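Chain A is the first sequence line, chain B the second, and so forth, proteins listed ahead of strands; every chain is numbered from 1. Fair warning: this is a prediction, and the values are worked out from it, not measured in the lab.
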Protein chains: 2
Amino acid sequence: MTPEITIGELAGRSGVPHSALRFYESQGLIHSRRTTGNQRRYVRATLRRVAFIRAAHHLGIPLARIGEVLALLPSDGAPTREFWERASQCWSADIESRIDRLERMRDRFTRCAGCGCLSFDGCALLG
Amino acid sequence: MTPEITIGELAGRSGVPHSALRFYESQGLIHSRRTTGNQRRYVRATLRRVAFIRAAHHLGIPLARIGEVLALLPSDGAPTREFWERASQCWSADIESRIDRLERMRDRFTRCAGCGCLSFDGCALLG
DNA sequence: CTGGAACCTCAACCGGGCTTGAGGTCAAGC
DNA sequence: GCTTGACCTCAAGCCCGGTTGAGGTTCCAG
């Protein structure tokens, strides 16, 4: 059987502070059962859920969007391989476009560095 | 002669709202003279200063850092070509590193999508 | 000279992603 | 049974880059 874990254990194993975990819960990203004494108990799958949240967040995905996709899982479910793949497809486009945007900026930046134009009409950087 | 401009004109020509301009001023990024009636008057060079601010901000540079480099200019000075070049050298490294970081993430993301691991010990995404 | 647009200040608020603190409760080891 | 540490809630605060609004003043055209 898989025993439940406390918030302290979850924090310790995931490296995410209690406060953040409670915040995630308040935002509906993770869920807990309460003991008779009103303390949180998490199923072990929550560890993977938190891992997923951190990984996605690390990629710059806002918590709200992470919550949207996590909502597609059962509340006690860990992200499966298929799930991760779908999220990946969904978000890799995001990452690509952010890379493109940065690269375009870099190019404009270096181009503009030479011209010193910075006019609101003509400068590509201001678009 | 080059007449001074009001905050309304500055807002209109730069496309930046009054409120943001006043905020920039409060943060020391731009400066104004006051009329006897306490209204702001900007030298025309401020237009370029604002352009510089927006361009740099567009690149993800925080206002505070933009302020640091603008502080090297006389308070009524527009960014010159040399100035822009120095800022460019200073910041293009920033942009490069941000691109690198994103690319590494993208790679990890696609690698991880297949494995579905997401373990705190082994998953590269969680570093 | 007057009306209305443009300007002024100051304070409060927004969203995102939390942290910190006060004040109180629960659970486990001795 | 008692102590101690882990836990609880709720509210407030922080940083960033501003926006919004109230209440008041200035400028300019007619």
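- The side chain to side chain donor-acceptor pair (under 3.5 Å) with Tyr42(B) is formed by just one residue from the set Arg49(B), Glu25(B), Arg33(B); it is Glu25(B).
- One interatomic measurement links the two molecules: CD1 of Ile61(B) to P of dG17(D), which rounds to 11 Å at whole-angstrom precision.
- With distances taken from any side-chain atom of Pro62(B) to the nucleotides dG17(D), dC7(D), dT19(D), the minimum falls on dG17(D).
- Taking only side-chain nitrogens and oxygens, His18(B) never comes nearer than 4.0 Å to OP1 or OP2 of dA6(C).
- With the nearest nucleotide of DNA chain D identified for both Leu63(B) and Thr35(B), Leu63(B) has the one nearer the 5' end.
- Atom CZ in Phe23(A) sits roughly 10 Å away from atom C1' in dG15(C) (whole-Å rounding).
- Residue contacts for Arg65(A): at a heavy-atom cut-off of 4.0 Å it reaches no nucleic acid atom on any strand shown.
- Contact between the side-chain N/O atoms of Arg40(A) and the OP1/OP2 oxygens of dC7(D) is not found at any separation under 4.0 Å.
- Here dT19(C) presents its C1' atom at 17 Å from CD of Glu25(A), a figure rounded to the nearest Å.
- When the nearest nucleotides of DNA chain C are assigned to Asn38(B) and Gln39(A) by heavy-atom distance, the more 5′-ward of the two goes with Asn38(B).
- Under the 3.5 Å distance criterion, with hydrogens and angles disregarded, no donor-acceptor pair is assigned to the side chains of Thr6(A) and Gln39(A).
- The distance between atom NE2 of His58(A) and atom P of dC18(C), rounded to the nearest whole Å, is 12 Å.
- The phosphate of dC8(C) has OP1 or OP2 within less than 4.0 Å of a side-chain N or O from Arg22(B).
- Side chain of Arg54(A), nearest nucleotide from dC27(D), dG17(D), dC18(C): dC18(C).
- The residue Arg34(B) sits close only to the backbone: its heavy atoms come under 4.0 Å of sugar-phosphate atoms, none of a base.
- Following rounding to the nearest Å, Leu29(B) (CG) and dC16(D) (P) show an atom-to-atom distance of 13 Å.
- Between Arg41(B) and His57(B), the residue whose closest nucleotide on DNA chain D is further toward the 5' end is His57(B).
- Proximity of Tyr24(A) to the phosphate of dG17(C): no side-chain N or O atom is located under 4.0 Å from OP1 or OP2.
- In this structure, Thr6(A) reaches the dC7(D) phosphate: one of its side-chain N or O atoms is under 4.0 Å from OP1 or OP2.
- One can place CG of Leu21(A) at 14 Å from C1' of dA6(D), the figure rounded to the nearest angstrom.
- Put simply, CD1 on Ile30(A) is 14 Å from C1' on dC18(C), counting in whole angstrom units.
- We find that CD1 of Ile7(B) is positioned 15 Å from C1' of dT25(D), with the value rounded to whole Å.
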Q.
Assess the residue pair Val50(A) and Leu29(A) against the criterion (side chain to side chain contact (heavy atoms under 4.5 Å, CB included)); give the C-alpha distance rounded to whole Å, side-chain angles, the decisive distance to 0.1 Å, and a yes or no.
A. CA-CA 8 Å; Val50(A) 173; Leu29(A) 298 175; over 6 Å; no
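- A salt bridge does not link Arg44(B) to Glu4(B): none of the charged nitrogens lies less than 4.0 Å from a carboxylate oxygen.
- Put simply, Val43(B) and Leu73(B) are part of two different groups of oily side chains (I, L, V, M, F, W, Y) that touch within less than 4.5 Å, one to the next.
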